[in-house]
Number of protein chains: 2
Amino acid sequence: MVKKKELIGQTQSKIFDAATEVFEEKGYTGARMQEIADRAGINKALLHYYFRTKDQLFMAVFQVLLKRMLDKILSIFNEEATFKEKMRRFLDEHIEFLIKNPRLPIFLLNEISRNPELAEGLKETLQYGQIRDLIYDKHSKELKGYGIKKSDMPQLMITIVGMSVFPVAARDMMAIVMPQMNENRKFNAFMQERKEFAAGFIMTALKNRKK
Amino acid sequence: MVKKKELIGQTQSKIFDAATEVFEEKGYTGARMQEIADRAGINKALLHYYFRTKDQLFMAVFQVLLKRMLDKILSIFNEEATFKEKMRRFLDEHIEFLIKNPRLPIFLLNEISRNPELAEGLKETLQYGQIRDLIYDKHSKELKGYGIKKSDMPQLMITIVGMSVFPVAARDMMAIVMPQMNENRKFNAFMQERKEFAAGFIMTALKNRKK
DNA sequence: TCTATCTTTGACCAACTAGTTAAATTAATT
DNA sequence: AATTAATTTAACTAGTTGGTCAAAGATAGA
């Protein structure tokens with residue numbers, strides 16, 4: 001027999017999963033509490049019983065997804081390895097992550113840009129705010145060897161992250177110009193290929209950079 | 001005295017501008033016909049007189065904005081110049097364009113990803129679908145010299161476009177990790193700097209690419 | 001000036017939305 | 001088995017939304 005407390009957990013997590021799906025697909029303004037309830041297999045009143053308002057439910061989902069994304073980006077850079085190795089591992093793992101979560105980037109980008117306060121909570125976390133300096137200091141010798149100054153770090157970091165995120169976020173738009181992108185099989189092949197292309201591209205640019 | 005026909009044009013374009021603003025800010029689902037009417041300085045019934053439904057108004061705005069974006073991307077590549085020169089000009093002009101239209105990328109990306117049929121109309125335009133081949137054929141010698149095969153074009157093109165678009169689209173998210181991005185002055189300086197950074201980065205990667 | 005047509009409006013409506021409530025059901029405790 | 005507490009539901013509400021309509025106002029041509 002299923003215990004009540006397990007059911008709570010089950011129900012709550014069913015709601016959470018359903019809400020994640022719907023919010024990712026439709027965004028905050030496009031999401032409907034009724035649809036979330038339907039997909040969770042419960043009714044609307046129970047939804048409001050667990051999460052009093054749409055805002056509360058959205059916040060819970062959003063915080064988790066944003067943290068998941070940032071941690072995925074940052075965790076690799078906390079390990080012990082050369083910058084070059086970290087970058088390769090980042091592109092490998094992040095692209096795998098994005099293939100499994102293709103709607104996540106646009107969802108996050110869109111919601112944050114429409115309501116920047118959503119990110120306020122995480123900004124306070126010191127861990128995130130100074131990451132640029134931490135990464136640079138850890139690899140200053142290697143990076144200086146590539147002609148990268150501390151002030152170049154934003155350019156470099158955004159370039160690396162953009163290499164993996166942009167193709168996923170812009171897929172449907174780029175597909176206008178490159179119809180192959182519409183086929184899932186071809187797009188996945190493109191993303192697999194991108195791991196090596198991006199890593200090689202960046203390393204070549206760094207190694208031969210004018211100093 | 002203002003002629004009636006001029007007024008029509010004025011009203012219609014006031015509606016169009018207001019709708020562009022509101023849709024860009026709030027997206028389709030977040031936009032309100034009442035707010036569009038208010039910003040255009042008219043009432044809701046007149047709004048529906050000129051554009052019968054929200055969908056019709058949205059479509060009109062969306063088509064114009066999508067075309068504006070794609071033309072900006074593609075026009076430069078139709079000119080006569082080396083690939084290298086075109087890429088530099090593209091980054092210069094596209095970044096300027098994006099500084100003036102900072103909400104445009106997220107708006108387009110978001111709406112297209114939520115409803116890919118929005119792009120169907122433009123896909124038919126042969127001009128767009130085969131652009132990859134056209135560009136390659138025009139510069140095949142130069143690109144082969146960089147070790148770029150025709151099958152590498154999607155990777156290269158998405159890399160170039162992402163260099164300019166991603167920082168604008170991901171600004172508020174990257175600002176969590178790099179708080180400087182929040183200040184408009186610093187962000188604009190970053191984007192100005194990016195013209196040279198991106199162009200230099202890409203050319204270095206191309207010139208030293210393993211063949 | 002009169003008339004036919006095109007514009008503009010305030011008031012309205014039906015459908016939908018987030019959120020509430022009170023009562024029914026289920027589970028845990030004694 | 002009875003009591004208590006937690007869980008689930010159908011039915012409802014108040015506010016918002018896109019869209020309509022009939023009538024008033026403005027314009028150009030005769």
Side-chain angles (χ1 to χ4, degrees), chain A residues 1-63 107 110-111 114-115 117-118, chain B residues 1-63 107 110-111 114-115 117-118:
Chain A
M1 186 63 174
V2 188
K3 288 270 176 67
K4 200 82 189 217
K5 278 189 180 171
E6 292 170 21
L7 257 179
I8 298 174
Q10 276 180 31
T11 302
Q12 203 155 21
S13 98
K14 269 198 303 179
I15 292 175
F16 198 90
D17 293 347
T20 301
E21 268 184 44
V22 176
F23 281 131
E24 268 195 11
E25 277 176 35
K26 312 278 177 80
Y28 177 82
T29 53
R32 296 288 168 254
M33 293 298 269
Q34 187 61 60
E35 186 175 357
I36 294 172
D38 291 347
R39 288 211 207 178
I42 56 165
N43 72 11
K44 204 157 54 98
L46 185 57
L47 191 58
H48 284 283
Y49 173 79
Y50 278 101
F51 297 89
R52 211 161 308 156
T53 64
K54 185 183 181 182
D55 276 80
Q56 256 180 52
L57 176 56
F58 176 79
M59 284 303 184
V61 169
F62 184 84
Q63 295 297 330
F107 168 72
N110 191 45
E111 299 298 338
R114 235 147 251 176
N115 182 8
E117 287 114 57
L118 284 173
Chain B
M1 188 60 175
V2 188
K3 287 270 175 70
K4 199 80 191 219
K5 279 190 179 170
E6 292 171 22
L7 256 179
I8 299 174
Q10 277 181 31
T11 303
Q12 203 156 19
S13 99
K14 269 198 303 179
I15 292 176
F16 198 90
D17 293 346
T20 301
E21 269 185 43
V22 176
F23 281 131
E24 268 195 10
E25 277 175 36
K26 312 279 176 77
Y28 177 82
T29 53
R32 297 289 167 253
M33 293 299 267
Q34 187 61 61
E35 187 176 354
I36 294 172
D38 290 347
R39 288 211 209 178
I42 56 164
N43 72 10
K44 205 158 52 100
L46 186 56
L47 191 58
H48 284 281
Y49 174 79
Y50 278 101
F51 297 88
R52 212 163 305 156
T53 65
K54 187 184 182 182
D55 277 79
Q56 256 180 52
L57 176 56
F58 176 78
M59 284 303 185
V61 169
F62 184 84
Q63 295 298 331
F107 168 72
N110 190 46
E111 300 298 339
R114 235 147 253 174
N115 183 7
E117 287 115 57
L118 283 173

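We name chains A, B, ... by the order of the sequence lines, and we start the count at 1 in each one. Predicted, not measured: the structure shown is a model, and the values here were computed from it.
Between A:Tyr50 and D:dT8 there is a side-chain polar atom (N or O) within less than 4.0 angstrom of OP1 or OP2.
Look at CZ on B:Phe58: it is 13 Å from P on D:dG18, rounded to the nearest Å. In this entry the distance linking CG of A:Leu46 with C1' of D:dA11 reads 16 Å, nearest Å. Atom CG in A:Leu47 sits roughly 13 Å away from atom C1' in D:dT8 (whole-Å rounding). Spacing between atom CG of A:Asn43 and atom P of D:dT8 amounts to 10 Å, rounded to whole angstrom units. Atom CD in B:Gln12 sits about 14 Å away from atom C1' in C:dC6, given to the nearest Å. In this entry the distance linking OH of B:Tyr49 with P of C:dT5 reads 13 Å, nearest Å. When the P atom of D:dT17 is taken as reference, atom CG of B:Asp38 falls 11 Å away, rounded to whole Å. The distance from atom CD of B:Glu35 to atom P of D:dG18 is 10 Å, rounded to the nearest whole Å.
Between the side chain of A:Asn43 and the backbone N or O of A:Leu46 there is at least one donor-acceptor pair closer than 3.5 Å.
Of all non-hydrogen atoms in B:Lys54 and B:Tyr28, the two that sit nearest each other are NZ-O, 2.8 Å.
Taken to the nearest 0.5 Å, the CD1 atom of A:Ile36 stands 11.5 Å off from the NZ atom of A:Lys44. Atom CZ of B:Phe62 and atom CZ of B:Phe107 lie 6.0 Å apart (nearest 0.5 Å). In this structure, OG1 in B:Thr53 is found 10.0 Å from CG in B:Leu47, a value given to the nearest 0.5 Å.
Counting only residues at least two apart or in different chains, salt bridge (Lys or Arg N to Asp or Glu O under 4.0 Å) contacts with residues 19-32 of chain A comprise A:Glu21-A:Arg39, A:Glu25-A:Arg39, A:Lys26-A:Glu35.
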Between the protein and nucleotides 18-24 of chain C, which nitrogen or oxygen pairs come in under 3.5 angstrom?
| from | atom 1 | to | atom 2 | distance (Å) |
| --- | --- | --- | --- | --- |
| C:dA18 | OP1 | A:Ala31 | O | 3.4 |
| C:dA18 | OP1 | A:Lys54 | NZ | 3.4 |
| C:dA18 | OP2 | A:Met33 | N | 3.3 |
| C:dA18 | N7 | A:Lys44 | NZ | 3.0 |
| C:dG19 | OP2 | A:Lys54 | N | 2.5 |
| C:dG19 | N7 | A:Lys44 | NZ | 2.7 |
| C:dG19 | O6 | A:Lys44 | NZ | 2.6 |

